Colleague: 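Right, I'll just put the structure down here and ask away after.
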Number of protein chains: 2
Amino acid sequence: MKPSNEISSCKTCVYRKLLFDSLTEEEYQMVNSSRKEFIYRRGEIIRREGDPIDSFLYLRSGLIKLYKTDRNGKDHILSLNKPGDFISLLSIFSNSVYKYSIAAVEETKVCDIDLVILHKVVSTNNKFALRVLNRMSKVSDDIIESQFEIRQRQVKGRIAFFLLFLTNKIYRSHEFRLPITRREIGELISMTTENTIRTLSEFKKDGIISMEGRTINILDYERIKGISNTG
Amino acid sequence: MKPSNEISSCKTCVYRKLLFDSLTEEEYQMVNSSRKEFIYRRGEIIRREGDPIDSFLYLRSGLIKLYKTDRNGKDHILSLNKPGDFISLLSIFSNSVYKYSIAAVEETKVCDIDLVILHKVVSTNNKFALRVLNRMSKVSDDIIESQFEIRQRQVKGRIAFFLLFLTNKIYRSHEFRLPITRREIGELISMTTENTIRTLSEFKKDGIISMEGRTINILDYERIKGISNTG
DNA sequence: TGAGCGATATGACATATATCATGATTAGTG
DNA sequence: CACTAATCATGATATATGTCATATCGCTCA
């Protein structure tokens, strides 16, 4: 991890209207001056489960995973998050600790705002507080929702669901590079690495996707949708 | 569902200190006067997924389940909640709709506070707002946590985990009546009714629990803990 | 009070998924 | 550039779990 040298500000941030457009000039100055920016490379851990929450994290670019490690040392990925999502969960209001770990799955730029500053702004600007709240609760809602979707499917349906997730939510394209290893896909949808690989190979053999290493092309979108809906 | 006739107030509520002790007399009057109380019997649906959120619900006595119905009509229970837990999720701040259904699994008394009133108090009393926020985020945190615990175990471990949950979190006793059917247990821990029944029977045959209909007695707590930790 | 339905129970069998083994390929690193 | 370790890949087999069938029990309500 290293500090970013890029000159930037919340004002020019593309995600500004998601969050900061309700701040007064003074509030904005407070937030922006306390703000640090960090760059993490693929694999780097941004926060560990149990770390104290002392800042408000905001994903500027890249892709991260939220995950928890179980008692056997096996990781379970809760969600993949892209810019615009909040990383810090609601726990930041209870001044608690992280309930899961956060790692970069590709080069990722993170904004870091001191929690004391954020609290100050939140307590004086009601509109902003509500905005923060909304964005944050979305993260947990999404986790619960996707876990629900995963647990009602079996292997093929889960893989299909995951491919649709990448197609529609992450890349908005039928062609993309898998951002995570097959092992991580397994950790995300609760199945073994072997079965993940096997199922992707099967999809390829059946001609509904093409696959060259990490590069995937959704050839038969409707068929994948069908598998996601029935498997 | 029927209105409760019991004379009660937030002031004398046993859960008062969890939430209402930071209200001024005036705020308290506002909340308490808008407050309605309802009683639901076992099986009654309190809210359905998709219902608009127009009130703040608070569980006074009884036990409820939060659940979602999948595309095949199968229910998946997200959590069992007891008094002191908040039913309304954070979505109440975005004035949205329920993301899951809520049903009573035993006779349950629910306090219902008009959302407009709650918003008013929240926007003027910061301490209260934070309190509400904390209690509400706990519900989603708990759901995510328990789903994580379930998904890392297999059948026996899940049943053992569920028995420990009832023992430690719900009844605080080694002897209790199962609040839900075997089918619902399956819906909670993602397994079939048959396997749920089989596993409970096996635990009984092995002498680690006694079981007479819905009445369970944890005979060998350490053994169950062991199964929960390794299975 | 008894007809009927859901819950509990259990066995036989089918199937999904995990595990283990073994190579080939790829990516990172000195 | 070569070495090492991770990733990807696939088959054989074991195991966990689901499915289907059938029976009893015990409510609930007409």
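So you know, we letter chains A, B, ... as the sequences are listed, proteins then strands, and number each from 1. None of the values given here were measured: they were computed from a predicted structure.
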Colleague: Taking only residues two or more places apart in sequence, or in another chain, which ones meet B:R153 in a salt bridge (charged side-chain N to carboxylate O under 4.0 Å, His left out)?
Modeller: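 Expected list: B:E149.
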Colleague: Go through the structure and list residues passing salt bridge (charged side-chain N to carboxylate O under 4.0 Å, His left out) with B:K68, not counting sequence neighbours.
Modeller: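 B:K68: salt bridge (charged side-chain N to carboxylate O under 4.0 Å, His left out) contacts with A:E145, B:E49.
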Colleague: List for me each residue that meets ring pair (Phe, Tyr, Trp, His ring centres under 6.0 Å) alongside A:F148, sequence neighbours excluded, and say none if there are none.
Modeller: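 Checked A:F148 against ring pair (Phe, Tyr, Trp, His ring centres under 6.0 Å); matches are B:H76.
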Colleague: Return the set of residues passing side chain to side chain donor-acceptor pair (under 3.5 Å) with A:Y221 (not counting sequence neighbours), or none when no residue passes.
Modeller: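 Side chain to side chain donor-acceptor pair (under 3.5 Å) list for A:Y221, sorted by chain: A:N168.
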Colleague: Got a sec, which residues hit side chain to side chain donor-acceptor pair (under 3.5 Å) with B:T69, two or more places apart in sequence or on another chain?
Modeller: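 Result, side chain to side chain donor-acceptor pair (under 3.5 Å) vs B:T69: B:D75.
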Colleague: Please name all residues satisfying side-chain contact (heavy atoms from CB on, under 4.5 Å) with B:V155, sequence neighbours left out, ordered by chain then number.
Modeller: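 Here the qualifying residues are B:M191, B:T199.
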Colleague: Five pairs at each end of the helix from C:dT1-D:dA30 to C:dG30-D:dC1: take the axis at both ends and give me the angle between them to 10°.
Modeller: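 So the angle between the two local helix axes works out to 60°.
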Colleague: Identify the 5'-most and 3'-most nucleotides of DNA chain D with at least one atom closer than 4.0 Å to a non-hydrogen atom of chain A.
Modeller: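 The footprint of chain A covers D:dT7 to D:dA12.
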Colleague: For A:T192, check side chain to side chain donor-acceptor pair (under 3.5 Å) against everything at least two apart and list the hits.
Modeller: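 For A:T192, the residues satisfying side chain to side chain donor-acceptor pair (under 3.5 Å) (neighbours in sequence not counted) are A:N195.
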Colleague: For DNA chain C, what residues of residues 191-203 of chain A have any heavy atom nearer than 4.0 Å?
Modeller: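 Output list: A:M191, A:T192, A:E194, A:N195, A:R198.
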Colleague: I'd like to check the side chain to side chain donor-acceptor pair (under 3.5 Å) partners of B:R47; sequence neighbours left out, ordered by chain and number.
Modeller: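 Per chain and number, B:R47 pairs via side chain to side chain donor-acceptor pair (under 3.5 Å) with B:S55, B:D112.
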Colleague: Tell me, please, which residues at least two apart from B:D51 pass salt bridge (charged side-chain N to carboxylate O under 4.0 Å, His left out).
Modeller: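 B:D51 satisfies salt bridge (charged side-chain N to carboxylate O under 4.0 Å, His left out) with no other residue.
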